[in-house]
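Following: one structure in structure tokens, then a few remarks.
If you're wondering where the values come from, they're calculated on a predicted model, not measured in any experiment.
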Amino acid sequence: MTQHLVVPAQSARSGGGEPAPQRTGWWRDAVIYQVYPRSFADANGDGMGDLAGIRSRLPYLRDLGVDAVWLSPFYASPQADAGYDVSDYRRVDPMFGQLGDAARLIEDAHALGLRVIFDLVPNHCSDQHEWFQQALREGPGSALRKRFHFRAGKGENGELPPNDWESIFGGPAWTRITEPDGTPGEWYLHLFAPEQPDFDWDHPAVADEFRSILRFWLDLGVDGFRIDVAHGLVKAKGLPDLGMHDQLKLLGNDTMPFFDQDGVHEIYRSWRPILDEYPGERIFVAEAWTPTVARTANYVRPDELHQAFNFQYLATPWAAEKLREVVDLTLEAMRPVGAPATWVLSNHDVTRHATRFANPPTDATQIRTPGDRELGLRRARAATVLMLALPGSAYVYQGEELGLPDVTDLPDEVRQDPSFLRASGQDGFRDGCRVPIPWSGAEAPYGFGPASGGPSWLPQPAEWAELSVEVQSGDPTSTLELYRSALAIRAAHPALGAGDGVEWLDAPAGALAFRRTHADGAFVCVANTGSSPVRLALPVPGRLLLTSGEEPVREGEETVVPADTTVWWSL
Ligand code: GLC
């Protein structure tokens with residue numbers, strides 16, 4: 001079993017019942033924990049997580065040492081895409097609780113010194129949203145239809161979709177409706193599932209509505225928003241054909257007429273002043289899948305959003321040269337706009353990194369085989385310790401601190417991912433990273449909900465009894481204690497956290513080494529991504545702070561770092 005040093009956890013935050021602390025630029029180095037409400041904690045025992053459950057577990061997050069919590073959507077929704085299909089943006093879905101639960105969650109979090117970020121879904125709503133239902137009723141050319149992308153079909157009788165765009169979840173991005181008089185009618189655009197019609201952001205009512213929604217939650221006290229599909233709101237004028245099939249291959253690699261259009265930036269420039277009116281440095285983080293980190297940097301210009309997930313980093317395999325390249329590209333792209341790099345390894349849309357790294361190297365984010373679990377966990381721990389050493393902010397997805405793998409063998413009949421159900425789409429296996437997390441006990445639901453409650457909405461593997469928070473707490477070799485130590489050291493060490501550069505040191509092939517310097521102390525990180533130990537002649541070795549695996553060995557002037565291990569030193 002691997003070993004790492006445990007440094008006593010030291011809270012960098014003040015407690016008490018006050019509002020969130022007012023540290024300037026807190027988000028420049030914040031560690032933000034993603035809660036997936038369906039799968040975090042189930043207070044009422046219906047097998048589905050809820051806001052009351054999340055509230056009850058906030059002290060765990062404070063003790064873990066994160067700065068903020070981002071919650072995936074919990075709004076009123078028919079759940080065609082696990083809540084990313086919103087039917088009422090100002091209501092909490094009864095399956096998660098009520099508005100009062102959201103307000104109390106924010107209060108409790110603030111009392112613990114944690115900030116709270118909600119998920120805003122502005123690209124599309126649910127087909128059950130009042131506007132869309134009314135648009136269907138009103139007929140072609142009506143006012144409400146103009147808030148969406150309704151078009152006549154092509155072909156003799158309008159039987160073909162208006163253009164050749166494909167849905168991210170598979171199949172055409174258009175669905176034909178039946179008009180109120182019973183005849184086959186117009187088509188509407190949905191980049192995702194047919195239950196998720198895209199808004200037409202050229203319509204002023206759409207923009208007004210979202211400004212009002214922002215204020216609604218800001219008034220409730222939320223500290224910021226993650227913006228879902230931030231790159232999708234504006235479509236190229238005239239909705240031009242792409243002229244090809246298999247368009248998903250282009251995603252993230254090329255410009256598309258429906259993604260990363262320059263017009264989206266105007267929207268964010270109009271949102272920023274609203275956020276800035278509110279006290280307490282509230283923030284926006286963009287979910288923007290763009291072809292390059294340079295394009296991502298456009299979203300975080302000073303008058304736009306604060307952070308944008310670095311998906312290029314997420315998709316980089318565990319290989320030193322590739323990692324170094326993406327770190328350099330990222331820091332170079334962010335420096336001129338003055339935004340922090342925002343590192344992330346896992347979220348609710350991708351295979352957990354413990355499973356990605358258990359499989360042969362790939363830049364794919366969906367993997368369907370468990371691979372070599374032990375190897376995957378060793379690399380995942382090393383990858384996290386590397387990520388937390390990089391300058392900027394970092395996101396942690398619930399359960400990665402327990403070293404959870406993806407559940408790759410869920411039976412098809414329990415899967416709920418709409419792209420799985422549509423069969424041909426991207427990301428069809430996202431349920432595997434959404435399985436409720438184990439807290440305690442020897443039997444399912446492992447403290448996720450009360451033992452007397454119903455089965456969890458996705459079944460938990462029996463092996464997860466060994467991975468629970470209860471089992472891992474206090475075990476210095478556990479992944480949970482590794483995260484706790486890493487976050488405590490990160491908060492306390494002056495050279496860690498915010499910054500816009502690293503100083504690379506010489507390292508043998510397969511490894512990377514860098515120094516970060518601060519007036520009050522310097523820091524060195526070495527990551528060995530190879531499968532055998534590497535020897536390095538490090539400058540003054542300093543004090544060993546943390547290792548993701550076995551301890552490095554000092555041999556004369558050299559330090560030997562074990563395979564698939566990241567090590568931190570203080571100089
Ligand atoms: C984002 C969400 C994902 C969702 C999609 C459509 O990518 O992260 O879960 O399916 O948007 O809303």
Worksheet entry | Trp439 six-ring centre to Arg57 NZ/CZ under 6.0 Å and within 45° of normal |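 Judged by the rule (NZ or CZ under 6.0 Å from the ring centre, within 45° of its axis), Arg57 counts as positioned above Trp439.
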
Worksheet item: How close do Ala465 and Ala442 get, heavy atom to heavy atom, and via which atoms?
Response: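 Scanning both residues, the minimum pair turns out to be CB-O, 4.1 Å.
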
Fill in: Minimum-distance pair of heavy atoms, taken over all atoms of Asp564 and Leu375
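For Asp564 versus Leu375, the nearest heavy atoms are OD2-CD1, 3.4 Å.
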
Worksheet entry | Qualifying salt bridge (charged side-chain N to carboxylate O under 4.0 Å, His left out) pairs with a residue from residues 322-332, counting only residues at least two apart or across chains |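 Checked against salt bridge (charged side-chain N to carboxylate O under 4.0 Å, His left out) - neighbours excluded - no pair reaches residues 322-332.
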
Worksheet item: Which residue pairs pass the salt bridge (charged side-chain N to carboxylate O under 4.0 Å, His left out) test with at least one member in residues 291-309, sequence neighbours excluded?
Response: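 Listed by first then second residue: Asp260-Arg295, Asp262-Arg295, Arg269-Glu304, Arg301-Glu304.
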
Worksheet item: Between Tyr446 and Trp464, does the ring centroid distance fall short of 6.0 Å?
Response: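 No, they do not, as the ring centres are separated by 6.0 Å or more.
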
Worksheet item: Is the distance between the ring centroids of Phe284 and Tyr299 less than 6.0 Å?
Response: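 Phe284 vs Tyr299: aromatic centres not under 6.0 Å.
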
Practice prompt. Please round to the nearest 0.5 Å and tell me the distance separating atom CG of Leu402 and atom OG of Ser473.
Written response: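 The OG atom of Ser473 is 8.5 Å from CG of Leu402, to the nearest 0.5 Å.
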
Worksheet item: Where do Arg535 and Glu555 land on the salt bridge (charged side-chain N to carboxylate O under 4.0 Å, His left out) test, with the steps shown first?
Response: CA-CA 9 Å; Arg535 290 172 170 276; Glu555 282 179 9; 2.5 Å; yes

Worksheet item: Crowded around Glu374 CD? As in, over 12 foreign heavy atoms under 6.0 Å?
Response: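 No, because the 6.0 Å sphere around CD of Glu374 holds 12 heavy atoms or fewer from other groups.
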
Worksheet item: Is any side-chain N of the basic residue among Arg226 and Glu287 closer than 4.0 Å to the acidic one's carboxylate O?
Response: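 Yes.
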
Worksheet item: Do Asp67 and Arg62 sit within salt-bridge range, that is, some charged N less than 4.0 Å from a carboxylate O?
Response: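 Salt bridge absent between Asp67 and Arg62.
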
Discussion item. Please list all pairs meeting side chain to side chain donor-acceptor pair (under 3.5 Å) that have one or both residues in residues 383-392, counting only residues at least two apart or in different chains.
Written reply: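 Output for this query lists His353-Thr384, Thr384-Tyr483.
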
